[in-house]
Amino acid sequence: MVSTPDEQQGHGGSATHDVINQAPPLAPYDACDDTALLEGLRREGAGWAEEDLRRLGRQAGSAQAQEWADLANRHEPELRTHDRYGNRVDEVEFHPSWHHLMRTAIAEGLAASPWADDRLGAHVVRSAGGLVWGHTEAGHGCPTSMTYAAVPALRRQPELAKLYEPLLTSREYDPALREPTEKRGLLAGMGMTEKQGGSDVRTNTTAATPTAEPGVYTLRGHKWFTSAPMCDVFLVLAQAPGGLSCFLVPRVLPDGTRNTFRIQRLKDKLGNRSNASSEPEFDGTVAWLVGPEGQGVKTIIEMVNCTRLDCVMMSAALMRKSLVEAGHHARHRSAFGARLADQPLMRNVLADLALESEAATTLTLRLAGAADRAIRGDEGEAAFRRIATAVGKYWVTKRGPAFTAEALECLGGNGYVEDSGMPRHYREAPLLSIWEGSGNVNALDVLRALSREPGTAEALFGELALARGADARLDAAVTRLRTGLSGASPTTARRLVEQMALTLQASLLVRHAPQAVADAFCATRLGGDWGHAFGTLPESAGLDAIVERALPGGGR
């Protein structure tokens with residue numbers, strides 16, 4: 001008698017094996033279960049939002065939100081250049097999951113709503129929300145980031161800001177392509193990069209020709225990399241008669257007709273697959289001048305300062321998500337007679353990752369606090385923000401790829417398959433170092449700030465002085481940093497900015513983190529008692545205390 005397939009499988013569900021020693025799904029979990037995050041939120045004056053942040057954390061870690069993240073990346077946006085009749089439409093279609101993610105992010109204030117909130121710490125709350133909601137997926141963080149960053153640049157042209165700012169700061173997501181003032185909420189994009197120049201935006205060749213109407217121009221040119229082409233308005237750099245200038249370009253004109261915004265193609269990117277990045281072509285495209293002619297870089301730099309902070313925040317969120325995934329796996333997987341989380345070397349790896357993650361989170365919230373206070377007129381915080389954001393952008397985003405690779409390895413072969421989600425995190429990580437200026441651009445920007453804005457160095461060392469005397473290794477690092485500034489050059493810019501970042505992170509941890517965390521960070525990142533890979537903490541490091549602080553529900 002031949003047995004049936006069901007009889008062959010038996011109660012275990014397989015003819016050859018039972019599925020054991022596998023981690024259960026992580027979701028649902030609380031993405032806000034992060035001690036360093038909550039402490040930083042309170043410290044930077046935004047504790048009033050803690051309950052809302054905790055609610056968002058539960059939503060971010062829900063099975064539904066995690067499924068949205070997966071589907072939005074599996075079903076990528078599609079470009080539709082023409083309708084069925086042959087009319088040019090240049091529209092991008094998204095999977096419903098993308099819209100669910102966007103709707104939640106905007107409703108939770110992760111786009112431009114803090115500019116309409118007078119409460120102290122409103123901008124910190126947004127960054128903290130990004131650290132939590134970033135546990136879903138990173139692609140939709142691009143349009144929300146640019147919408148947030150567009151507001152201070154747009155304020156350089158008050159009549160435009162008066163018209164569009166209330167819609168940019170709205171908490172309503174309205175994806176339809178209509179005349180902007182008829183919508184419930186707007187999204188903003190940015191178009192700077194061109195083929196011939198890349199980061200050297202002053203070499204842009206897109207031409208802006210004045211019309212008979214004051215402040216109105218027409219653009220002609222091709223942008224090489226413009227993310228989020230489905231946005232309603234774009235801040236664009238182009239060459240006007242008076243030099244490189246900033247313009248606001250609407251997708252739909254006030255009379256309801258489509259502006260010329262030909263999307264030639266969507267980029268086939270390494271990661272960030274859910275987000276549409278495009279090459280738009282302008283040809284007689286209507287644009288409104290923002291700020292004076294010839295001051296395009298100066299006008300748009302405030303937007304860049306905001307998006308650079310978001311690069312730091314998104315990298316920190318990606319680190320935290322990857323650490324949570326690695327820790328969850330290690331606590332449920334056994335090898336060589338013990339759970340992975342209890343194996344001494346794996347515990348060293350998790351602790352080392354936890355140090356890096358906490359340092360990134362703590363720096364992100366300090367930068368967000370500086371931004372919040374600078375926006376309210378604090379000149380000292382503005383100077384600190386100017387240099388520390390560029391430093392953080394350089395370093396934290398540089399650590400992201402190595403961090404996600406190590407976290408993926410904690411899952412072994414399970415982490416290398418798409419179902420785990422870890423490959424998506426790994427592909428995402430390099431983008432944040434490239435976006436808004438690569439490592440070289442940011443390192444050289446730090447040197448430029450030091451030479452042209454002397455108050456920035458004073459602000460940085462003033463911050464470091466707050467931890468003076470608390471740790472000898474930190475004091476020695478500050479001394480080395482002062483010496484290094486005197487010999488700073490473009491050739492050594494990366495080395496100098498790395499020293500700045502590590503010293504700044506160490507000073508924050510010495511002041512605000514438990515002794516085990518601060519001591520291990522100073523011993524390794526400043527004192528040199530470390531290898532060249534994660535998982536090389538010294539024997540003396542308090543591994544248990546570090547891991548138990550970092551992982552949701554404790555380290556065991």
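Residues in residues 141-156 take part in these salt bridge (charged side-chain N to carboxylate O under 4.0 Å, His left out) pairs, two or more places apart or across chains: Arg155-Glu165. Sequence neighbours left out, the pairs with a member in residues 310-327 that pass salt bridge (charged side-chain N to carboxylate O under 4.0 Å, His left out) are Asp34-Arg320, Arg126-Asp310, Lys321-Glu325. Listed by first and then second residue, the salt bridge (charged side-chain N to carboxylate O under 4.0 Å, His left out) pairs involving residues 426-442 are Glu418-Arg427 (not counting sequence neighbours).
In summary, of the residues considered (His99, His100, Arg103), a side chain to side chain donor-acceptor pair (under 3.5 Å) with Tyr173 occurs for His99 alone. Partner of Phe234 under the ring pair (Phe, Tyr, Trp, His ring centres under 6.0 Å) criterion, chosen from Phe282, Phe261, Trp288: Phe261. Each of Lys267, Arg262, Lys223 was scored for a side chain to side chain donor-acceptor pair (under 3.5 Å) with Glu279, with one residue passing: Lys267.
A salt bridge links Glu302 with Arg385: the distance from a Lys NZ or Arg NE/NH1/NH2 to an Asp or Glu carboxylate oxygen falls below 4.0 Å. Salt bridge Lys269/Glu76: absent, no basic N to carboxylate O contact under 4.0 Å. Salt-bridge formation is not detected for the pair Asp52/Arg54: no Lys NZ or Arg NE/NH1/NH2 atom is positioned less than 4.0 Å from an Asp or Glu carboxylate oxygen. The pair Arg55-Asp30 does not meet the salt-bridge criterion, since no charged nitrogen lies less than 4.0 angstrom from a carboxylate oxygen. With respect to Arg386 and Asp445, a salt bridge is recorded, a charged nitrogen being found less than 4.0 Å from a carboxylate O. Ion pairing between a basic and an acidic side chain is recognised when a charged N comes within 4.0 Å of a carboxylate O; Arg273 and Asp70 show no such pairing.
Listed by chain and number, the residues in a side-chain hydrogen bond (donor to acceptor under 3.5 Å, both in side chains) with Thr536 are Trp530 (sequence neighbours excluded). Under the salt bridge (Lys or Arg N to Asp or Glu O under 4.0 Å) criterion, Arg58 pairs with no residue at all, not counting sequence neighbours. For Arg251, there are no side-chain hydrogen bond (donor to acceptor under 3.5 Å, both in side chains) partners, not counting sequence neighbours.
Between the side chain of Ser113 and the backbone N or O of Arg171, no donor-acceptor pair lies under 3.5 Å. Between the side chain of Ser357 and the backbone N or O of Leu353 there is no donor-acceptor pair closer than 3.5 Å. Side-chain atoms of Gln66 come within 3.5 Å of backbone N or O of His135 as a donor-acceptor pair.
A ring-centre distance under 6.0 Å is not found for Trp98 and His75.
Between the side chains of Arg494 and Asn440, at least one donor N or O sits under 3.5 Å from an acceptor N or O. Side-chain contact annotation: Ser278 with Thr226, donor-acceptor N/O pair under 3.5 Å absent.
Side-chain contact between Leu235 and Cys246: present, with at least one pair of heavy atoms (C-beta onward) separated by less than 4.5 Å.
In this structure, Lys393 is not positioned above the aromatic face of Trp435 in the sense of NZ or CZ being under 6.0 Å from the six-membered ring centre and within 45° of the axis.
The line from OG1 of Thr147 to CG of Leu168 is 6.5 Å long, rounded to the nearest 0.5 Å. Interatomic distance, CE of Met500 versus CG of Leu496, reported as 4.0 Å (0.5 Å rounding).
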Passes salt bridge (Lys or Arg N to Asp or Glu O under 4.0 Å), Arg88 versus Asp283? Steps please. CA-CA 14 Å; Arg88 188 93 194 201; Asp283 189 7; over 6 Å; no
Go through the steps to decide whether Val132 and Leu37 satisfy the test side chain to side chain contact (heavy atoms under 4.5 Å, CB included), and finish with yes or no. CA-CA 9 Å; Val132 168; Leu37 167 65; 3.4 Å; yes
Please test Arg308 against Asn442 for side chain to side chain contact (heavy atoms under 4.5 Å, CB included), starting from the C-alpha separation and ending with a verdict. CA-CA 10 Å; Arg308 282 181 176 175; Asn442 276 268; 3.3 Å; yes
